[in-house]
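Here is the structure we will look at.
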Amino acid sequence: MDEKKGAYKFGEIEKKWQAYWQANKTFRAADCDYSKEKFYVLDMFPYPSGEGLHVGHPEGYTASDIVARYKRMKGFNVLHPMGWDAFGLPAEQYAVQTGTHPAQTTQKNIDNMRRQIKSLGFSYDWDREIATTDPDYFRWTQWIFLKFFNSYFDEDEQKAKPIEQLPLPEGLSEKDRYEYINSRRLAYEAQAPVNWCPALGTVLANEEVVGGVSERGGHPVIRKPMRQWMLRIMKYCERLLAGLDELDWPESIKKLQTDWIGKSIGADVDFRVDGHDVTIRVFTTRPDTLFGATYMVMAPEHPLADVITTDECKKAVKEYRKIAAGKSDLDRTDLAKEKTGQPTGAYAINPVNGEKIPIWISDYVLISYGTGAIMAVPAHDERDFEFATKFELPIIPVVEPDDAAEAEKVRAGQLCFAGDGTAINSGEFNGLRTAEFKQKITHWLEEREQGAEAVNYKLRDWLFSRQRYWGEPFPLVHTRDGRIVALTEDALPLELPKVDNYKPSGTGESPLANSGEWLDVKLPDGTKGRRETNTMPQWAGSCWYYLRYTDPRNNDSICDIQKENYWMPVDLYIGGAEHAVLHLLYARFWHMLLYDLGYVSTPEPFQKLVNQGMILGQDSQKMSKSRGNVINPDKVIADYGADSMRLYEMFMGPLEATKPWNMQGVEGVHRFLGKTWRMTVDESSGRLAEAVQESDADEQTARLLHQTIKKVGSDIEQLAFNTAISQMMIFVNHLSKLPIRPKSVVEKFILVLAPFAPHIAEELWAKLGHSKTLAYEPWPQFDPELAKEKEVELAVQVMGKIRDKIVVSADATEEDIKQKALSSEKVIAAMAGKKPKRVIVIKSRLVNIVI
RNA sequence: GGCCGAGUGGCGGAAUGGCAGACGCUGGGGACUUAAAAUCCCCUGCCCGAACGGGCGUGUGGGUUCGACUCCCACCUCGGCUACCA
């Protein structure tokens, strides 16, 4: 078999151009080039796993690369970087098993994934590559942590300020002063529950707990309070909510963040406890149902539970609290299970009517939300209704629904109604509508100092420490006299110690607690102390990496403010929807702090966000090893080439959609590239095809070319890559049939193809006689006049049914079209002698005759 | 349970108020070839019909409109996320 000299040899071509781009630094982004408009297009950087790339990664990366390449051709100065979110559990677990340092594993995985990513020909500026595990990078992650530690939140101005500016009350002792300041830092220590596995003697990350037991070994996991570092994200709830309005993000993601923050407005109400000098505060969004409160529930962890429980109930309550403490989160929230609880024997006094109501403890009330206690209104709350039904507690309806049938059931205590209605059984408030009642009763409570309007958020302060080795160490020292001292900025980076053993310490502390002399510190003033042994969570590094790309080698600051000012914000951010809440919320939070302190110039980091959809296996199931339906990108690239891979990923369907892989589809786009090749190159000689000549395009070809330039350009702007590719296929199908293919037409098409399939485009561009890369060739202009059809075919409907088609010139008047349509024989027949009542003419579409 | 998204040929999808099924895959037929691969050409939603042609058709039922895959209401199914937040 003769190997054709000029066949489309994608392997060689792709290697050649990747080497060219690398050697010429083709995609290096120039900082602060004010002669061009900037465009920052960012991918969510990957965790460098041992599995390497899966086909989901290149989906987003190809989309962003097409935009980056297109924008360069449109004259933009494009920043398109890539890096590695390289701290994380798998490398550490591997270290525990094998003793290999996680840094080694990480480096190996990065090298492999970099090779894979490069083999797809993405136009990243590799000079800006970063890894979160690099001390030159995490030095600044630690630096930002110090900013949190050394800042407080000014409530009046609703912004963070340096801790030195914190106004101090007069006359504080040194100790009080220290505590006053500490209690206001944006990074603070607190006791918080962690997933403790007694059998393994370690704390587990949430993802290591599956179904309430440890992923490894299946041992029970309980919640145990431990000393933790927290970040005061709650201070930013309002700004995190308000900022969403300005962002060009999918509405569904904005809603997810809004719901995650979970703002609700209601009232705090104080209930006196009968026979005790204490009050229990509850939060409710329905103060209008106070008259229907028939009991009260406290979370098992509530600090007053011990105080108020009567002697008769002590034993049962103690037992219940013990069981609750041993339950995992999952057990507690399992809806299938029945509600449980114990009476404390104590009674609370309802402030609106003086009624005595029993106080229970139950784990359906969470200590972490609101005040950790509720007033239960079974008639109007599903959970209370279920609980009251089980424990035979009274149900008093106080809101009457508007629907009469519903109202009857509610009155009979048979139906729980949580909507708005009219007040009943509520004394002087009877007859009020829900909204008005809420206002009045809140005011009433305020007057008597038994309650007040209150706002609550679901979002908790961010538990920021992990009991792990492979993370950023906290730049903090615990002194022997019990103080916490931050390292100075010039002491950064604080690197991880070398350890022999990556196993957890067994005390619940991180493996760093075993790391000998690293732990002992002598501060510059001579004070001795022990280093903080927790490390930061994986989110830390990804909270600000987009900033580092603007100035990745800066040794004096996170990034130069002028460069930051030039490049930020990110104009287009593409990544998976699984980061809709956590990463995107945490990154916005960090950005706000840096904004408050003047280190960045924009209030929000990511202007436009797009989520790529999931790619399923050929069997339309989620790809997984166990199903054996995983597609290996290396294999696809070896068999069909990177350009085919890129093209197929985009041709499968809309970017945001979930869609199944299909190898035959890859062959389809591969055929298209082969056709494009043969349209331009003579396969036997490898030279330009003879049909490609200097000549003018015929009218139809010119029209199709201009339509293609127009459609592909606008489709890229809308990220509708599948339809752009389909248009290019139509074009190639047409042009390759022509015996003479005007060179200028071929050239323009190659430029249009280039963002999608850059290797073959570069090669063909060279064959067409150009000596340098097409990466910065201007995007071809289309002429709207040339793109217009001369004649259009219109459908003619009679009463909405198509009866004939007519061809008219594109500039025919409505009257011309009407005449032509009405004179059609088929139309006349269909009208069966009736007179047209109305004739609707939609130019270039159709005519509808109403009779 | 809640929220979000999606239901269109044998398959991925296109059309978001104006000719449903572009483009690709699959399947069928043909050309080229000693033969095969590759390539090229034609056909390919369903039903009736020899054909011309006709009828039906975008998850289901209703509605708005001259006209609905597209807008509104109700329901069904599938997928993703979430989990007692008072």
Side-chain angles (χ1 to χ4, degrees), chain A residues 1 4 7 250-253 255-256 258-260 262-264 266 282-286 289 297 299 329-330 332-337 339 362-366 368-377 380-384 386-387 418 456-460 577-578 580-581 613-614 616 618 620-622 647-648 651-654 656-669 671-672 674-675 678 683 720 722-730 732-733 736-737 793-802 804-805 836-851:
Chain A
M1 191 166 58
K4 280 184 191 155
E251 283 307 314
S252 57
I253 300 288
K255 193 174 179 315
L256 274 175
T258 305
D259 291 350
W260 192 263
K263 179 179 184 176
S264 52
V282 304
F283 172 71
T284 176
T285 55
R286 294 297 300 270
T289 60
V297 187
D329 263 9
L330 205 95
R332 282 189 61 155
T333 57
D334 188 357
L335 271 182
K337 83 165 172 43
K339 291 217 171 359
S362 170
D363 63 5
Y364 85 90
V365 171
L366 309 173
S368 57
Y369 183 78
T371 60
I374 60 154
M375 64 177 205
V377 185
H380 306 289
D381 181 286
E382 289 289 350
R383 298 150 299 182
D384 298 343
E386 196 190 320
F387 191 86
N456 258 294
Y457 303 91
K458 267 162 69 173
L459 186 70
R460 300 289 91 197
E578 67 273 21
V581 186
M614 205 195 326
L616 306 173
Q618 306 225 51
S620 294
Q621 300 288 311
K622 251 188 201 168
L647 219 47
Y648 178 63
F651 188 60
M652 291 171 81
E656 294 97 326
T658 303
K659 47 220 176 251
W661 189 271
N662 179 0
M663 257 330 157
Q664 279 161 338
V666 185
E667 290 193 36
V669 294
R671 274 202 274 273
F672 160 69
K675 210 168 185 177
R678 291 189 302 276
E683 279 198 287
N722 53 334
T723 49
I725 293 166
S726 138
Q727 180 67 31
M728 291 191 282
M729 286 171 166
I730 292 169
V732 168
N733 286 343
S736 47
K737 277 179 198 151
E793 192 188 54
L794 306 185
V796 183
Q797 300 179 329
V798 178
M799 296 302 286
K801 287 210 177 195
I802 294 161
D804 198 8
K805 303 210 171 171
K837 246 191 240 164
R838 223 176 123 187
V839 180
I840 294 145
V841 178
I842 308 295
K843 276 193 183 176
S844 82
R845 294 284 184 186
L846 56 58
V847 179
N848 190 11
I849 298 163
V850 185
I851 51 176

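A note on names: the letters A, B, ... follow the listed sequences, proteins ahead of strands, and every chain is numbered from 1.
Checked against B:rC66, B:rC81, B:rC84, the side chain of A:Y364 finds its nearest nucleotide in B:rC84. You'll find that the side chain of A:K675 is closest to B:rC40, out of B:rC40, B:rU39, B:rC41. Distances from the side chain of A:F651 to the nucleotides B:rA20, B:rC81, B:rC23 place B:rC23 closest. In the set B:rG67, B:rA22, B:rA86, B:rA22 carries the atom at the smallest distance from any side-chain atom of A:S726. Proximity note for A:T284 (side chain, C-beta onward) versus B:rA86, B:rC4, B:rC66: the nearest is B:rA86. If you check B:rA86, B:rG80, B:rC66 against the side chain of A:K622, the one that comes closest is B:rG80. For A:M614, the listed nucleotide lying nearest its side chain is B:rG80; candidates were B:rC81, B:rC84, B:rG80.
The residue A:N733 sits close only to the backbone: its heavy atoms come under 4.0 Å of sugar-phosphate atoms, none of a base. Within 4.0 Å of A:I842, counting heavy atoms only, lies at least one base atom of the nucleic acid. A:I730 comes within 4.0 angstrom of the backbone, heavy atoms only, and of no base. Contacts of A:K805 with the nucleic acid, taken as non-hydrogen atoms under 4.0 Å apart, include base atoms. At a threshold of 4.0 angstrom between heavy atoms, the contacts of A:K801 are confined to the sugar-phosphate backbone, with no base atom among them. Within the nucleic acid shown, A:S368 has no heavy atom closer than 4.0 Å to any nucleic acid atom. A:K458 comes within 4.0 angstrom of a base, heavy atoms only. Residue A:D384 is classed as having no contact, given no heavy-atom separation below 4.0 Å to the nucleic acid. Contact annotation for A:K737: backbone-only contact, meaning every heavy-atom pair under 4.0 Å involves sugar-phosphate atoms and none involves a base. Within 4.0 Å (heavy atoms only), A:E793 reaches at least one base atom of the nucleic acid.
In this structure, the CD atom of A:E683 is 10 Å from the P atom of B:rC40, given to the nearest Å. As rounded to whole Å, 13 Å separates atom C1' of B:rA6 from atom NZ of A:K659. Taking atom CD of A:Q797 as the reference point, atom P of B:rG17 lies 17 Å away to the nearest angstrom. Rounded to an integer number of Å, the gap from A:Y369 OH to B:rA83 P is 15 Å. For A:I253 and B:rC3, the CD1 to P distance is 17 Å, given to the nearest whole Å. One atom, CG of A:L616, and another, C1' of B:rC78, lie 12 Å apart when rounded to the nearest Å. In this structure, CD of A:E667 is placed 15 Å from P of B:rG24, rounded to the nearest angstrom. Across the protein-nucleic acid pair, A:E656 atom CD and B:rC4 atom C1' stand 14 Å apart, rounded to whole Å.
Between the side chain of A:R678 and the main chain of A:S736, no donor-acceptor pair closer than 3.5 Å is present. Judged by distance alone, the side chain of A:Q797 and the main-chain N or O of A:L846 form no donor-acceptor pair under 3.5 Å. In this structure, A:R838 contributes its side chain and A:P836 its backbone to no donor-acceptor pair below 3.5 Å.
By the rule that a glycosidic angle within 90° of 0 means syn, B:rG21 does not qualify and counts as anti.
Nucleotide B:rG12 is matched to B:rC23 when pairs are restricted to Watson-Crick or G-U wobble geometry with both distances under 3.5 angstrom. Base pairing annotation: B:rA37 forms no Watson-Crick or G-U wobble pair, as no partner gives both donor-acceptor distances under 3.5 Å. Summarising the base pairing, B:rC71 is matched to B:rG63 through a Watson-Crick or G-U wobble pair whose two defining distances lie under 3.5 Å.
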- Task: Could you please spell out the steps behind the side-chain hydrogen bond (donor to acceptor under 3.5 Å, both in side chains) verdict for A:Y364 and A:D384?
- Result: CA-CA 9 Å; A:Y364 85 90; A:D384 298 343; 2.7 Å; yes
- Message: Determine whether A:K675 and A:N733 satisfy the following criterion, side chain to side chain contact (heavy atoms under 4.5 Å, CB included), listing intermediate values before the conclusion.
- Response: CA-CA 8 Å; A:K675 210 168 185 177; A:N733 286 343; 2.7 Å; yes
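Comparing A:A795 and A:G653 along RNA chain B, the residue whose closest nucleotide (by nearest heavy atom) sits nearer the 5' end is A:G653.
Between A:M799 atom CE and A:I849 atom CD1 the span is 11.0 Å, to the nearest 0.5 Å. Taking CG of A:N662 as the reference point, atom CG of A:L616 lies at 12.5 Å (rounded to 0.5 Å).
Contact of A:K255 with B:rC3 (side chain to base): no donor-acceptor pair of N or O atoms is detected under 3.5 Å.
An OP1 or OP2 oxygen of B:rC40 is reached within less than 4.0 angstrom by no side-chain nitrogen or oxygen of A:R671.
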